[in-house]
Amino acid sequence: MSAPAPSPLAVVDAEPLPRQEEVLTEAALAFVAELHRRFTPRRDELLARRQERRAEIARTSTLDFLPETAAIRADDSWKVAPAPAALNDRRVEITGPTDRKMTINALNSGAKVWLADFEDASAPTWENVVLGQLNLIDAYARKIDFTDPRSGKSYALKPAEELATVVMRPRGWHLEERHLTFDGRPVPGALVDFGLYFFHNAQRLIDLGKGPYFYLPKTESHLEARLWNEIFVFAQDYVGIPQGTVRATVLIETITAAYEMEEILYELRDHAAGLNAGRWDYLFSIVKNFRDGGQKFVLPDRNAVTMTAPFMRAYTELLVRTCHKRGAHAIGGMAAFIPSRKDAEVNKVAFEKVKADKDREAGDGFDGSWVAHPDLVPIAMASFDAVLGAKPNQKDRLREDVSVAPGDLIAIDSLDAEPTYAGLVSAVQVGIRYIEAWLRGLGAVAIFNLMEDAATAEISRSQIWQWINAGVVFENGTAATPELAREVAAEELAAIRAEIGEEAFAAGKWQQAHDLLLHVSLDADYADFLTLPAYEQLIG
């Protein structure tokens with residue numbers, strides 16, 4: 001048998017990383033190149049389609065279930081493929097980036113699933129992209145012991161039967177990987193993340209009694225799900241594993257996808273594992289798509305938009321009903337609280353809120369939910385244990401009582417809350433602090449006792465943009481204006497400088513983060529994703 005032809009992919013502008021040759025093998029790069037050749041043209045068409053659909057929403061200020069797919073929704077006979085044993089019980093899932101320490105802690109956390117994140121919880125430096133892949137390879141080979149150089153504390157994996165099942169999340173379709181090019185053009189980050197992970201680990205995971213499982217982010221239509229399905233079919237044939245081995249859970253975190261849940265499951269039905277309700281990106285998507293829609297689409301402070309808001313209830317209840325009708329798992333949202341090591345009272349109040357949220361989800365019929373910290377695993381577990389008992393899920397709860405009309409999903413003005421001045425300050429504070437960390441290569445950041453990721457920054461900057469462009473007047477009589485946003489941002493920058501000291505301030509990327517937040521919040525031309533201009537400034 002002749003050796004495979006050298007990969008036409010080029011690694012550019014990247015400092016050599018330790019052991020990168022174990023990830024960037026000729027065979028793995030040849031696979032990514034083939035993915036790029038076959039599927040990037042269709043990805044480009046679908047990104048253009050997003051713009052067309054957004055223009056249509058701007059014109060009509062409405063959305064509806066698709067008439068052309070009514071037959072799929074009306075056909076009660078089809079179901080998704082049965083869940084593999086490793087994904088049948090998903091009552092608690094922990095999320096986080098794939099650095100070495102987090103990999104061990106997440107696998108050991110007691111959660112049923114770990115969302116190993118190359119997307120919103122990871123800033124896509126080349127080091128994070130490549131070494132994150134290496135950490136997962138090492139974890140499956142049980143070669144991932146780690147000693148923290150600062151604390152001296154050692155970390156090692158528990159026995160295999162106690163480890164969480166990994167569901168890996170690649171980057172969204174809109175992001176490129178500038179360090180890997182084909183004929184001078186960057187390869188889509190989604191294909192890099194998926195391709196390297198799948199190539200190195202698909203057979204290894206099967207041998208461990210699991211499989212290559214994925215979370216698909218930022219999906220906006222069933223046609224995008226169809227593209228992923230085509231990729232899965234090709235990839236399984238390429239490496240010689242049975243069709244249907246891949247399983248994918250789709251995040252319903254865009255408003256357009258909320259109108260196509262059944263169609264998304266249908267397109268992926270041989271590979272579908274469920275749907276997930278992703279809160280912050282969902283709100284960001286509402287602002288992005290309906291930013292021209294006037295006062296009735298203006299969201300209040302993000303923390304005032306709880307999952308009990310009528311339009312959020314419509315979204316989550318429709319998700320549960322849709323999943324269970326088709327035999328898929330319905331996975332709930334994130335508990336982002338980070339326990340304080342100093343303030344027991346803060347923890348007590350937060351734990352009560354987490355419990356109430358998880359009790360609600362379990363009571364509504366969700367089969368599992370997300371947490372951001374290992375200390376929250378037992379709380380979420382108790383909520384789902386109380387409802388599920390020994391059952392792995394509650395897909396038998398069909399929720400046929402749920403009826404959601406198209407307008408229910410965008411009834412933003414059904415929420416009795418208004419934007420506040422404090423909400424503006426909070427959006428600026430969180431936006432600057434998160435972007436600064438992201439520019440230093442950190443995608444998951446603890447801010448004010450919450451684990452924040454890129455979705456947080458997206459909703460923060462979107463709300464600033466929306467409030468200014470909608471002419472919001474806050475409760476203190478102050479109008480939302482560019483001048484006010486600049487004033488609040490300057491005050492926050494000065495407060496951070498005083499808080500951390502001159503030396504730490506100078507060593508960080510605070511001014512850069514301040515400037516970028518204001519750019520995407522005040523520019524008349526609303527950026528589709530904050531991470532696009534931010535990636536241009538990301539070093540490494």
Side-chain angles (χ1 to χ4, degrees), residues 83-122 132-146 155-170 193 197-198 200-202 204-217 245-249 251 273-274 276 278 329-336 338 354 358 361-362 366-385 388 392-393 444 451 453:
L87 278 181
N88 203 29
D89 188 335
R90 304 177 62 173
R91 66 187 71 194
V92 180
E93 305 191 352
I94 192 167
T95 73
T98 53
D99 61 87
R100 212 157 179 85
K101 179 179 170 182
M102 178 67 195
T103 296
I104 297 169
N105 284 345
L107 289 169
N108 287 345
S109 66
K112 296 291 186 180
V113 165
W114 170 37
L115 186 160
D117 200 6
F118 286 81
E119 199 231 0
D120 272 4
S122 179
Q133 295 278 354
L134 187 66
N135 290 336
L136 293 175
I137 293 169
D138 281 354
Y140 300 143
R142 297 193 67 87
K143 298 190 302 187
I144 198 172
D145 295 0
F146 171 72
Y155 299 82
L157 292 178
K158 292 178 178 178
E161 63 274 11
E162 297 180 40
L163 301 181
T165 293
V166 174
V167 180
M168 182 271 211
R169 180 163 71 169
D193 298 340
Y197 179 77
F198 182 89
H200 288 298
N201 299 302
R204 182 182 281 122
L205 285 161
I206 293 169
D207 295 342
L208 291 171
K210 299 189 177 182
Y213 306 141
F214 299 92
Y215 258 112
L216 304 181
T245 305
V246 168
R247 284 293 193 278
T249 305
L251 291 120
N276 169 277
H329 281 72
I331 308 298
M334 170 73 85
I338 302 300
V354 171
K358 300 311 169 192
E361 288 181 327
F366 280 98
D367 302 293
S369 190
W370 282 7
V371 300
H373 193 279
D375 287 0
L376 302 184
V377 170
I379 298 172
M381 195 72 76
S383 294
F384 281 89
D385 286 350
L388 296 177
N393 55 65
M451 184 59 76
D453 68 8

Fill in: Atom of Met102, atom of Gly96 and distance for their closest heavy-atom approach
CE-CA, 3.6 Å

Worksheet item: Any donor and acceptor pair, going by atom type alone, linking the side chain of Asp367 with main-chain N or O of Ala330 inside 3.5 Å?
Response: yes

Fill in: Sub-4.5 Å side-chain heavy-atom contact between Leu87 and Val167
yes

Item to complete: Answer yes or no: is there a donor N or O on one side and an acceptor on the other, between the side chain of Asn393 and the main chain of Asn88, under 3.5 Å?
Response: yes

Worksheet item: How about Phe118 and Gln133: do any of their side-chain heavy atoms sit closer than 4.5 Å?
Response: yes

Fill in: Spatial distance of atom CD1 (Ile331) from atom CG (Leu251) [nearest 0.5 Å]
10.5 Å

Discussion item. Test of understanding: with side-chain hydrogen bond (donor to acceptor under 3.5 Å, both in side chains), list the residues that count as partners of Ser109, not counting sequence neighbours.
Written reply: none

Discussion item. Can a donor-acceptor pair be found, under 3.5 Å and without considering hydrogens, that links the side chain of Thr165 to the backbone of Ala86?
Written reply: yes

Worksheet entry | Chi angles and distances behind the side chain to side chain contact (heavy atoms under 4.5 Å, CB included) call for Phe384, Glu361 | CA-CA 8 Å; Phe384 281 89; Glu361 288 181 327; 4.1 Å; yes

Response to the item:
Tightest non-hydrogen contact, residues Asp138 and Arg100, listed as OD2-NH2, 2.9 Å

Worksheet item: Side chain of Lys112, backbone of Arg91: donor and acceptor closer than 3.5 Å?
Response: no

Item to complete: Test side chain to side chain contact (heavy atoms under 4.5 Å, CB included) on Leu163 and Arg142 and set out the steps.
Response: CA-CA 11 Å; Leu163 301 181; Arg142 297 193 67 87; 3.7 Å; yes

Worksheet item: Given side chains that start at C-beta, do those of Tyr213 and Thr249 come closer than 4.5 Å, heavy atoms only?
Response: no

Worksheet item: Between Lys210 and Ala164, what is the shortest heavy-atom contact and its length?
Response: NZ-O, 3.7 Å

Response to the item:
Rounded to the nearest 0.5 angstrom, the CG-CD1 distance for Leu136 and Ile144 is 7.0 Å

Worksheet item: Can you name the side-chain hydrogen bond (donor to acceptor under 3.5 Å, both in side chains) partners of Glu119, sequence neighbours left out?
Response: Arg169, Lys218

Worksheet entry | Any Asn201 side-chain heavy atom under 4.5 Å of Pro212 side chain | no

Worksheet item: Looking at Asp193 and Met168, what are the two nearest heavy atoms and their distance?
Response: O-CE, 3.1 Å

Fill in: Exam field: side chain Asp117 to backbone Thr98, donor-acceptor pair closer than 3.5 Å
no

Worksheet item: What are the two closest heavy atoms between Met334 and Thr95, and how far apart are they?
Response: CE-OG1, 3.0 Å

Worksheet item: Taking it one step at a time, do Val166 and Leu107 satisfy side chain to side chain contact (heavy atoms under 4.5 Å, CB included)?
Response: CA-CA 8 Å; Val166 174; Leu107 289 169; 3.7 Å; yes

Item to complete: Start with the C-alpha gap between Thr103 and Trp114, add the side-chain angles, then the distance that decides, and say whether side chain to side chain contact (heavy atoms under 4.5 Å, CB included) holds.
Response: CA-CA 9 Å; Thr103 296; Trp114 170 37; 3.4 Å; yes

Worksheet item: Are any side-chain N or O atoms of Asn108 and backbone N or O atoms of Lys158, one a donor and one an acceptor, separated by less than 3.5 Å?
Response: yes

Worksheet entry | Ala83 to His329 - nearest heavy-atom pair and separation | CB-CE1, 3.9 Å

Response to the item:
Those residues at least two apart in sequence (or on a different chain) that pass ring-ring contact (aromatic ring centres under 6.0 Å, His included) with Tyr215 are Trp370

Worksheet item: Between Glu93 and Gly368, is there a donor-acceptor pair closer than 3.5 Å when you use the side chain of the first and the backbone of the second?
Response: no

Worksheet item: Strictly under 6.0 Å, is that where the ring centroids of Phe214 and Tyr197 end up?
Response: yes

Discussion item. Please check this pair: side chain of Ser369 against backbone of Val92, looking for a donor-acceptor N/O pair closer than 3.5 Å.
Written reply: no

Discussion item. Side chains of Asn135 and Asp99: any donor to acceptor distance under 3.5 Å?
Written reply: no

